[in-house]
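All figures in this text were calculated on a predicted structure; none of them were measured in a lab. Computed from heavy atoms alone, side chains included, the values below leave out hydrogens, waters and symmetry copies. Proteins get letters first, then strands, A, B, ... in listed order; numbering begins at 1 in each.
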Amino acid sequence: MIKLSHMTKTYGAITALDDLSLEVRNGECLVLIGPSGCGKSTLLKTINRLVEPDAGEITIHQKPIHDYAPEVLRRQIGYCIQGVGLFPHLSVSDNIAVVPRLLKWDEPKIQARIDELLTLTGLPLSYKTKRPHQLSGGEAQRVGVCRALAADPEVLLMDEPFGAVDPMTREQIQLAFRELQRRLKKTVLFVTHDLEEAILLGDRIALMHRGKILELSTPESLGQSTPNETVNQFIGADYALRILRRSTLEDLKLTAVQPQTEDRRLESTSSLKEALAVLLESGNQRVITVIDHQAYRVDVGDIMAHLQAVRYG
Amino acid sequence: MTSGRLRLRLAGLVLLGSSFGLPVGDFKINRIMRPIPVPLSDLIGTFGVILVVFIGGVALWTLAKSMSSFIKRWIVWGLALVPGVLIFGLSTFIPAGVEFNPEAARMALGAGTAGIYLAVLLAITSQPSSRWLIVVSIGLPIGLAVLGQIPMIGIVKEYQNYKSTFNAEFIRHLTLALSSGVIAILPGILMGYWAYKYPKSSEGILSVVNLFQVAPTLSLLGLIMIPLSLLSKQFPFLKSLGISGIGFAPAFIVLTLYALMPIVANAYAAFKQLDPAVLESAKGMGLTSRQILRQVSLPLASPIILSGIRTAFTQNIGNAILAGLVGGGGFGAIIFLGLSQSASDLVLLGTLPVVIMALITESLFERIQARLERQLRGAHD
Ligand SMILES: Nc1ncnc2c1ncn2[C@@H]1O[C@H](COP(=O)(O)OP(=O)(O)OP(=O)(O)O)[C@@H](O)[C@H]1O
Ligand SMILES: [Mg+2]
């Protein structure tokens, strides 16, 4: 658990952090989102002591971070930044091996770990000898994630790690990361600009504004607790549509039917957003999905009921 | 038009001008007498000159038009031999109707020879991979001289007269240029790093370094001589170490200061251009500042630092000539002696090796740099 209490940081007249408190629970991915310049990166960097706050305290697993030397602390925390910042003069392997080598792991263990991480992030093992300039933007960001995960840290800090790639690749990496996080259950503080990304990846979302946390809740109930003009503006009127992406047809309570040949079929793993889009253009055609050899009818009403339950229920 | 074609056109013009307009040699009965200009037509006749210019023109034209690279290869190798052949011809030339003593008489290389050599260089360098061609075009005349095949050429005569001085000054020059360059490397990099690490100091350091750039070498030499001679008067033991206002010490100091300049400036620029994201991720991963310097900053800055060192060394080889003015020795001593005696061959004897040394230094560094780039960018690309 990462616990930040009453953090304040000013740069001259600018208040980057304003008496901010926050807890990241063990094994959760907490996404920090907010407009540019609201202090997200500053907050992240106080945790690995790249920034020293003016006031406030941080503990990781109840231990104040100032109990460690900065280098020792940093080697225990995975860190990914927007610019990726791979070392251009080192191969992919050597980039990933930096922290394990600092921690004096033995070489066979490091090599095995590199293979494991590349496989985990879906990169071919032949990439080990490549240099960063030979990678595409998306591949480089995957290597950046591998590097942050290298020494198997419990805590990960990620500052817009998927910022610099095209939307298609970006979605791929996001899904791969979500899969990874479901398995690894790291304690992640994830910074982004992108609401879609926050909804897709966050167990909880913290909405930050001018150095403060405006709201902290699950993606489903964001904007529900206290009516707030800034929050509403930020999440937008179509927020309900956006959170449909988090659920799939398998999450719905559906009515079983006999399948017909003229039915339109959907994968049971389709997101509700995709399902809704298909329903909207299906006209009179019936839409079904098959779960465990049983066909179910998909209806707008089902989706609406689900949304009511998770968001307003 | 590609720069290759442009070079070939220029080569054609220079060849035409040098063959017809300028004397290829200056015959002197002895060192002091006025020279008799020897145009190319004296060597091979007017018809010969027309033939040479015609053949040369065809050769250049062939190089310019894309024909088989096989033929082009033959042409450039042929061209590379031209200066050697011309100089050999000059050495055997005996002017008609002039009485002279072969011991004292000599043939100075004339402006025409320089022009023809320039035309050859232009033609050679218009083609890819010209390094060995350049080596041959310079090496052939030197080889002929060493083998005693061109004894009448002025510069060879001067070498015979000044052989032991030449060898001593050669060592002197090389020692002076290289040692002052080597001494400047570490402080230069450190000063550059310092300026980068402490931005407040950078302005001060860089402006001092720029001061050397603005102050002409010669005036710096003068400025150094005064305190040095005062010091050695004050502390006689310095004098016994060979440190005084004239000689090796002031030249060495000035050259070191000059070498410092490109090294500091490049090192500063090299550290400055490092990607902040790379440095931040290095720090964020838990590298100590020393580890960041050794494992990240230095390797990434090294190509630019190295090119600063390259500039320092090539410019030092040229600047070391000025040591001759303050009794520091080197080829400058030979050049200034030649100037004082109006002996152009002696001047050439001092200048030519400096040019060759500078070229060799350049190409050595080029190789080191290429290897370094390969290492940094990865073997396969
Ligand atoms: N080293 C610094 N010196 C001065 N001001 C700074 C420094 N770092 C950040 N700031 C200021 O603090 C504020 C918060 O910066 P921060 O980088 O935390 O924003 P951010 O939320 O990460 O923005 P973005 O989404 O654009 O990355 C900004 O106004 C920024 O200009
Ligand atoms: Mg930021």
message = Given heavy-atom pairs under 4.5 angstrom as the criterion, report whether the side chain, backbone, both or neither of B/Leu287 touches chain A.
response =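 Backbone plus side chain of B/Leu287, per the 4.5 Å heavy-atom cut-off to chain A.
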Open item on the list: Given heavy-atom pairs under 4.5 angstrom as the criterion, report whether the side chain, backbone, both or neither of B/Leu376 touches chain A.
Closed with: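 Answer is both: backbone and side chain atoms of B/Leu376 are under 4.5 Å from chain A.
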Write down the atom of [X], the atom of [Y], and the distance for their closest heavy-atom approach.
X	Y	value
A/Arg75	B/Thr288	NH2-CG2, 4.0 Å
A/Gly85	B/Ser281	O-OG, 2.8 Å
B/Gly284	A/Tyr79	CA-CD2, 3.8 Å
B/Arg377	A/Arg131	O-CG, 3.2 Å

Tell me if a side-chain donor or acceptor on A/His89 pairs with a main-chain N or O of B/Gln295 at a distance below 3.5 Å.
yes
- request: Evaluate the side-chain proximity of A/Arg74 to B/Met285: yes if any heavy-atom separation is below 4.5 Å, no if none is.
  value: no
Output yes when A/Glu71 and B/Lys283 qualify as a salt bridge under the 4.0 Å nitrogen-oxygen rule, no when they do not.
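Looking at A/Glu71 and B/Lys283, the cut-off is not met.
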(message) Can you tell me how far apart CG (A/Leu50) and CD (B/Glu280) are? Round to the nearest 0.5 Å.
(response)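 Interatomic distance, A/Leu50 CG to B/Glu280 CD, rounded to 0.5 Å: 5.5 Å.
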* To do: For a side chain to side chain contact (heavy atoms under 4.5 Å, CB included) with A/Pro88, tell me which candidate from B/Val278, B/Asp275, B/Val296 qualifies.
  =>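 Option passing the side chain to side chain contact (heavy atoms under 4.5 Å, CB included) with A/Pro88: B/Val278.
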Turns out that what part of A/Val72 lies under 4.5 Å from chain B's heavy atoms comes down to neither
Under 4.5 Å to a heavy atom of chain B? For A/Leu86 that would be backbone
Note to self: More than 12 heavy atoms of other residues, nucleotides or ligands under 6.0 Å from CH2 of B/Trp77: yes or no?
What the structure shows: yes
Under 3.5 Å, which donor-acceptor pairs do the side chains of residues 55-66 of chain A form with other protein atoms, sequence neighbours left out?
| from | atom 1 | to | atom 2 | distance (Å) |
| --- | --- | --- | --- | --- |
| A/His61 | ND1 | A/Met1 | N | 2.9 |
| A/His61 | NE2 | A/Glu154 | OE1 | 3.2 |
| A/His66 | NE2 | A/Glu52 | OE1 | 3.1 |

